[in-house]
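See structure below.
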Number of protein chains: 2
Amino acid sequence: MASAAAQMDVRPVMRIVPRGGLCDQCEVRGTAACAVLDDHDLSRLEAIATHKEYEAGQTVFDEGDDPRHMFNVTSGMIRLFKLLPNGRRQIVGFVFPGDMLGLATHGTYTCSAEAIGSVTVCRFPREKLIVLLDEFPHLQGRLLDMAADELKQAQDQMLLLGRKSPMEKVASFLLRLRGEHDQCNENGDRLDLAMGRGDIADYLGLTIETVSRTFTKLRNENVIALEGAHHVIITDEDALEDLADAMGD
Amino acid sequence: MASAAAQMDVRPVMRIVPRGGLCDQCEVRGTAACAVLDDHDLSRLEAIATHKEYEAGQTVFDEGDDPRHMFNVTSGMIRLFKLLPNGRRQIVGFVFPGDMLGLATHGTYTCSAEAIGSVTVCRFPREKLIVLLDEFPHLQGRLLDMAADELKQAQDQMLLLGRKSPMEKVASFLLRLRGEHDQCNENGDRLDLAMGRGDIADYLGLTIETVSRTFTKLRNENVIALEGAHHVIITDEDALEDLADAMGD
DNA sequence: CGCTCATTTGACGCATGTCAACGCGCGTGG
DNA sequence: CCACGCGCGTTGACATGCGTCAAATGAGCG
């Protein structure tokens with residue numbers, strides 16, 4: 001069944017060389033960084049890849065660690081965060097299935113990474129990958145583009161953290177999730193939040209209580225509906241977009 | 001082979017080919033991205049560079065613009081910022097002399113850039129630069145490293161914006177400036193702030209008034225001394241570092 | 001020397017953090 | 001299958017830190 005997908009216009013899934021590889025069956029084959037590779041390159045990449053699983057809450061790496069690996073998340077989600085001495089935490093990003101992790105790392109890991117739920121990754125030893133990079137110049141360009149995208153997201157997040165109200169933060173967060181959701185899950189306007197309220201709070205620079213109150217307010221104003229704490233249905237998208245960066249006030 | 005400058009371990013300033021070039025006299029020759037280039041590469045780079053000046057407050061480019069150029073700031077400082085519809089502003093970074101600007105740009109510029117004071121830049125047409133990039137693979141690697149550094153800074157800033165108190169923000173800001181200051185100016189522990197209180201406020205996610213009050217507080221506690229609003233002398237560095245991320249509450 | 005704009009200082013109120021109690025869902029074990 | 005307990009989420013009461021508004025002071029520049 002992996003074969004019949006060739007009619008998609010955007011990114012034709014090419015046949016892989018017949019070596020019983022895993023990449024061709026990979027669920028994120030079409031979206032991950034590997035998507036720019038042709039079969040031959042991919043087989044080279046696959047040769048150095050190993051797979052690993054993490055369970056909920058498990059540490060993938062810590063800030064300051066020597067970056068031995070680069071990761072491609074094949075299922076589940078990861079939170080990236082930094083800690084202050086007294087325990088305060090700032091989540092600097094969530095990693096979705098298909099996203100690369102640790103590619104733009106110069107020196108040591110700049111933040112810690114934990115599995116939110118169960119996570120499976122495809123792992124590349126950094127040294128070997130760097131050797132391959134010299135062989136695939138277009139892959140290096142792709143990495144630069146991906147770093148640029150991360151930087152853009154980081155800038156958006158700085159705007160959010162520094163200048164948005166709690167309501168604007170939560171609304172922006174939901175809309176951004178809906179954007180990702182195309183590429184990773186579900187249908188309709190139903191979002192499933194893998195992360196808990198604490199993660200959301202630490203991502204948006206708020207407290208758990210404020211996040212919870214804001215969700216409640218959105219529900220009471222019929223902008224969203226909640227099916228349990230981890231499922232959100234956007235019922236009034238226009239209103240949500242207005243709330244995400246309110247003109248007036 | 002180009003020169004006998006090999007005795008310096010870090011970054012030998014090599015003689016440039018005799019073409020009356022400008023790069024060899026460039027004040028940021030030793031620190032800018034160009035520092036990894038040897039004479040031959042540099043002369044190629046120089047061939048596509050043009051110079052430009054901006055006066056205080058002038059726009060270098062706007063968010064959303066097509067990224068025609070990459071910049072190397074040779075003197076003065078630039079603020080990078082994003083705006084919200086109602087006029088709120090978040091400064092996402094300051095560009096120091098020697099820093100590159102617009103290198104990790106994928107698509108359009110992700111933020112706007114304005115000269116803080118008088119600024120001179122070295123400007124490279126993007127298209128031509130991309131062609132050169134294919135010829136200098138080590139330059140591309142360098143760009144990726146620089147993007148990684150920017151990303152690290154962005155993550156630090158997210159931590160600051162989301163989880164630090166005004167006092168911690170201002171203290172962190174001063175310490176970070178002191179870090180940069182090695183590479184750009186002055187001596188002793190005297191910092192000169194090119195930017196005004198409004199810029200600092202919009203960088204730290206505060207109001208002008210809170211920034212001003214925090215400076216005053218630092219002065220009253222003899223942690224810093226102020227010589228006019230734009231000159232800060234760090235008189236108690238240890239205290240400042242303690243304030244930058246206070247352990248206990 | 002005086003104007004103008006940036007910065008500082010003050011007074012005040014509100015939004016959001018803090019502390020605390022409650023409820024709910026889920027997994028576990030009886 | 002039900003009872004229990006634990007962790008997460010919600011809701012409430014309260015306090016305060018920071019933003020808002022306003023006025024005074026000071027610095028830079030013509």
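Chain letters run A, B, ... following the sequence lines, proteins first and then strands; every chain starts at 1. Remember, it's a predicted structure, so these values are computed and weren't measured experimentally. Values reported hereafter were calculated over all heavy atoms of this structure, with side chains retained and with hydrogens, waters and symmetry mates removed.
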Requested in this report: Tell me whether the OP1 or OP2 atom of D/dT11 has a side-chain N or O from A/Arg213 closer than 4.0 Å.
Outcome: no
Requested in this report: Give a yes/no on whether any side-chain N or O of B/Arg197 is located under 4.0 angstrom from OP1 or OP2 of D/dA27.
Outcome: no
Query raised in the report: Counting just side-chain N and O atoms, does A/Thr210 come under 4.0 Å of either OP1 or OP2 of C/dT16?
Result: no
Query raised in the report: Atom CG of B/Asn220 and atom P of C/dG10: how far apart are they, to the nearest Å?
Result: 10 Å
Report summary line: Rounded to whole Å, the CD-P distance (B/Glu209 to C/dA11) equals 15 Å
Query raised in the report: Among D/dT20, C/dT16, D/dT10, which is the nearest nucleotide to the side chain of A/Ser165?
Result: C/dT16
Report task. Identify, with sequence neighbours excluded, every residue that meets side-chain contact (heavy atoms from CB on, under 4.5 Å) alongside A/Ser118. Result -> none
Query raised in the report: Between atom CG in B/Leu226 and atom C1' in C/dA6, what is the gap in whole Å?
Result: 14 Å
Query raised in the report: How many Å lie between CG on A/Leu204 and P on C/dT16, as a whole number?
Result: 13 Å
Query raised in the report: Around atom CD of A/Glu53, are there more than 12 heavy atoms of other residues, nucleotides or ligands at under 6.0 Å?
Result: no
Requested in this report: Specify the residue among A/Val211 and A/Arg163 whose closest nucleotide of DNA chain D lies further upstream toward the 5′ end.
Outcome: A/Val211
Query raised in the report: Would you say C/dG25 has OP1 or OP2 under 4.0 Å from some side-chain N or O of A/His230?
Result: no
Report summary line: Among the nucleotides D/dT20, D/dG9, C/dT8, whichever has the atom closest to the side chain of B/Ile208 is C/dT8
Report task. Give the rounded distance in Å between these two atoms: CG of A/Asp199 and C1' of D/dG7. Result -> 14 Å
Report task. Check every strand shown and say whether B/Gly228 touches a base, only sugar-phosphate, or nothing at a heavy-atom separation below 4.0 Å. Result -> nothing
Query raised in the report: Mind checking whether A/Val232 and A/Phe215 have side chains closer than 4.5 Å, heavy atoms only?
Result: yes
Requested in this report: Could you tell me whether A/Asp245 and A/Arg163 make a salt bridge, using a distance below 4.0 angstrom between a side-chain N and a carboxylate O?
Outcome: no
Requested in this report: Would you mind reading off the distance between A/Ile116 atom CD1 and D/dC8 atom P, rounded to a whole angstrom?
Outcome: 14 Å
Requested in this report: Using a cut-off of strictly less than 4.0 Å, decide whether A/Thr216 has a side-chain nitrogen or oxygen near OP1 or OP2 of D/dT11.
Outcome: yes
Query raised in the report: Which one, D/dC18, C/dG17, C/dT7, comes nearest to the side chain of A/Leu206?
Result: C/dG17
Query raised in the report: In whole angstroms, how far is the C1' atom of C/dT18 from the CZ atom of A/Arg88?
Result: 14 Å
Query raised in the report: Tell me: CG of B/Leu218 to C1' of C/dT8, nearest whole Å?
Result: 15 Å
Query raised in the report: Taking 4.0 angstrom as the limit, do A/Lys164 and A/Asp156 come out as a salt bridge?
Result: no
